[in-house]
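Naming: A, B, ... by sequence-line order, numbering from 1 per chain.
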Amino acid sequence: MKNKELADIFDRWADILEFMGDNPYHVRAYRNAARLIRDLSEDIEILAKEGRLTSLPGIGQRLQAKILEFLRTGKISEFEKLKHQVPDTIFTLLDIPGVGPKTVKVLYEKLGIRSLEDLKRAIERGELLKLPGFGAKKVEKIRKGIELLEKSSGRILLGVAVFIADRIVNQLKELPAVERISVCGSTRRMKETVGDIDILATGKNEEIIKAFVNLPNVKEVLWQGTKKASVIVEEGEQVDLRVIEKDSYGAALQYFTGSKAHNIHLRTLALKSGYKLNEYGLFKGDTLIAGKSEEEIYKSLGMDTPPPEIRENTGEIEAALNHSLPKLVDYTDIKGDLHVHSNWSDGASTIEEIALKAIEMGYEYVAITDHSKSLKVAGGLSEEEFLKRNEEIDKLNEKFKGKIKILKGIEVDILPDGSLDLSDEILSQLDFVVAAIHSRFTQDNTERILKAMENPYVNAIAHPTGRIIGQRDGYPLDLETLFKKAAETSTALEINAYYNRLDLRDSHCRLAQEFGVHFVISTDSHHVDHMWMVKLGVGTARRGWVQKKSVLNAHPLRTLLRFVKEKRMKFGVK
DNA sequence: GCCGTTTTCGGCCCGACTGTTTTCAGTCG
């Protein structure tokens with residue numbers, strides 16, 4: 001799949017044009033194309049073959065020609081010429097907060113600055129102050145921006161953002177001064193990584209701001225005004241709070257939730273209908289039409305309210321206008337976790353502790369899925385040990401009868417040849433079997449997984465692509481073949497909710513659902529304190545337009561067990 | 001560079017904030 005490579009080229013292309021001072025709409029066309037291609041769930045090569053490139057919104061004749069040239073030759077000649085005109089170290093300068101293309105251009109042309117090191121040296125020597133339009137404050141802002149950039153590791157994992165945002169919202173909502181409060185931005189959209197954390201509130205603004213900057217976990221106050229403030233929390237992440245008038249709360253929530261592409265589309269629609277939409281409300285002339293709630297705004301524009309997770313301008317606005325939005329799986333739908341490790345293998349919690357946590361979370365069932373023997377580093381269990389562990393589960397099921405059903409599970413290793421490292425005899429005695437790959441992360445593993453799916457006892461493939469966010473790309477896979485086989489063999493695909501996995505990712509979910517794939521949303525917890533992460537998985541599923549009916553563990557135990565039984569019957573085993 | 005139920009040319013989302021300005025440019029979300 002060449003989608004990412006191509007998206008990177010278009011992004012860099014936009015950077016170069018921006019730096020060269022090209023028409024901003026020209027730049028935006030490349031930026032949009034990059035984003036579109038990066039988020040595409042289908043292989044761009046297949047789209048090209050089928051002649052569907054120009055049916056993508058934002059791809060016209062000229063971009064199509066460039067894409068085709070890239071697919072044919074691996075290069076785009078126009079880009080090859082262009083990129084040699086600008087030193088590529090210069091683009092790190094654009095990552096400095098407060099520094100944009102115009103500033104970089106001046107720095108480069110007047111002082112020959114082409115890297116972060118150059119810039120730091122020039123600031124020390126006081127050279128920037130001599131430039132027109134550069135005063136002491138601006139230089140100080142750049143200096144602080146560099147500091148911030150070097151400190152931050154880039155984007156925050158969603159799990160970390162949700163954890164911090166929930167904590168702050170819970171602390172603040174207890175205050176009498178706070179009327180309403182909500183997280184917004186990409187955290188609310190449950191995007192797998194988040195730039196900074198945005199929180200929106202309404203109420204007595206000065207009291208709220210004061211409480212916010214004085215929260216116990218705040219390490220540093222970056223900026224504080226009467227309507228907004230920015231802080232760094234002890235985890236090192238930036239959190240912004242805005243306080244808004246209550247009549248505009250819905251409009252502000254809509255606006256600050258984004259995405260940017262969704263908002264641009266929405267405002268264009270508003271404009272065509274003779275309205276103006278901004279963060280204060282929907283206006284006809286100077287008259288406020290709607291603003292108290294998001295629903296009010298969308299309704300006034302003749303549409304249903306798209307769930308925040310799908311506001312990415314990938315068809316949700318059209319669906320909202322047609323009143324055909326999908327009914328997405330909800331956070332409260334999950335009836336049990338189907339991937340949890342106990343201290344029989346490499347988990348830290350006992351089976352009893354896991355059961356108690358599952359009861360606390362309101363689950364109907366939970367599957368204990370310890371590792372199998374070949375995974376020695378993770379304390380994988382032998383066949384005898386599994387049988388002993390199962391006896392303990394039987395006892396606990398007696399004890400917790402009527403409160404929770406503990407399922408005998410396993411995360412069985414898929415060996416390099418696609419076979420499993422436990423006998424069918426043992427597997428047949430388990431309630432739910434999850435199979436996964438834990439080795440050879442660079443080779444194409446399609447055949448290996450297809451073969452595992454052919455085993456009648458394998459009910460789900462755990463973390464199907466093997467990616468770790470920000471650390472390791474998934475191994476190469478033919479996703480469409482995989483999805484087809486999963487649907488055929490009644491093998492579910494896991495949406496692993498552990499915070500650095502989220503695998504399948506959102507775009508894969510959307511494509512898989514079209515193939516009729518069933519999903520399980522599970523946490524891969526190794527401690528009961530990880531089990532809350534299920535909501536990260538549900539958020540990912542929702543971003544992939546996944547409906548409740550496609551998610552096995554959004555249904556009662558008997559539905560789950562029927563799915564297991566159906567596969568065994570399909571393959572003629574008991 | 002894209003796009004069209006007012007347009008195949010002339011638009012392209014909108015406002016806040018900051019810093020340098022004396023009317024505005026740059027950056028951000």
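Cation-pi check for A/R12 over A/F79 is not met; the charged atom does not lie both under 6.0 angstrom from the ring centroid and within 45 degrees of its normal.
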query = What one-letter contact string describes nucleotides 3-8 of chain B from 5' to 3', where B marks a base within less than 4.0 Å of any protein heavy atom, S marks contact via sugar-phosphate atoms alone, and - marks no contact?
reply = S-----
key: Per-nucleotide protein contact string for nucleotides 20-29 of chain B, where B marks a base within reach and S marks sugar-phosphate only (heavy atoms under 4.0 Å, - for neither)   = S-----SSSB
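Residue contacts shown for A/N263 are absent, as no nucleic acid heavy atom lies under 4.0 Å away. Backbone-only engagement by A/K66 is indicated by non-hydrogen atom pairs under 4.0 Å involving sugar-phosphate atoms exclusively. Across all strands shown, A/L63 has heavy atoms under 4.0 Å from sugar-phosphate atoms exclusively, and none from any base. Within 4.0 Å (heavy atoms only), A/N32 reaches no atom of the nucleic acid at all.
No salt bridge links A/E78 with A/R62; every basic N to acidic carboxylate O contact stays at or beyond 4.0 Å. Salt-bridge annotation for A/R189 and A/D506: absent, with no side-chain N of the basic residue lying under 4.0 Å from a carboxylate O of the acidic one.
Checking the phosphate oxygens (OP1, OP2) of B/dC13, a side-chain nitrogen or oxygen of A/R28 falls inside 4.0 Å. A sub-4.0 Å separation between OP1 or OP2 of B/dG1 and a side-chain N or O of A/Y30 is present.
No side-chain heavy atom of A/T89 sits under 4.5 Å from any side-chain heavy atom of A/D118.
Proximity of a side-chain donor or acceptor of A/T73 to a complementary backbone N or O of A/K75 within less than 3.5 Å is detected.
In this structure B/dG11 sits in a base pair with B/dC2, meeting the Watson-Crick or G-U test at under 3.5 Å.
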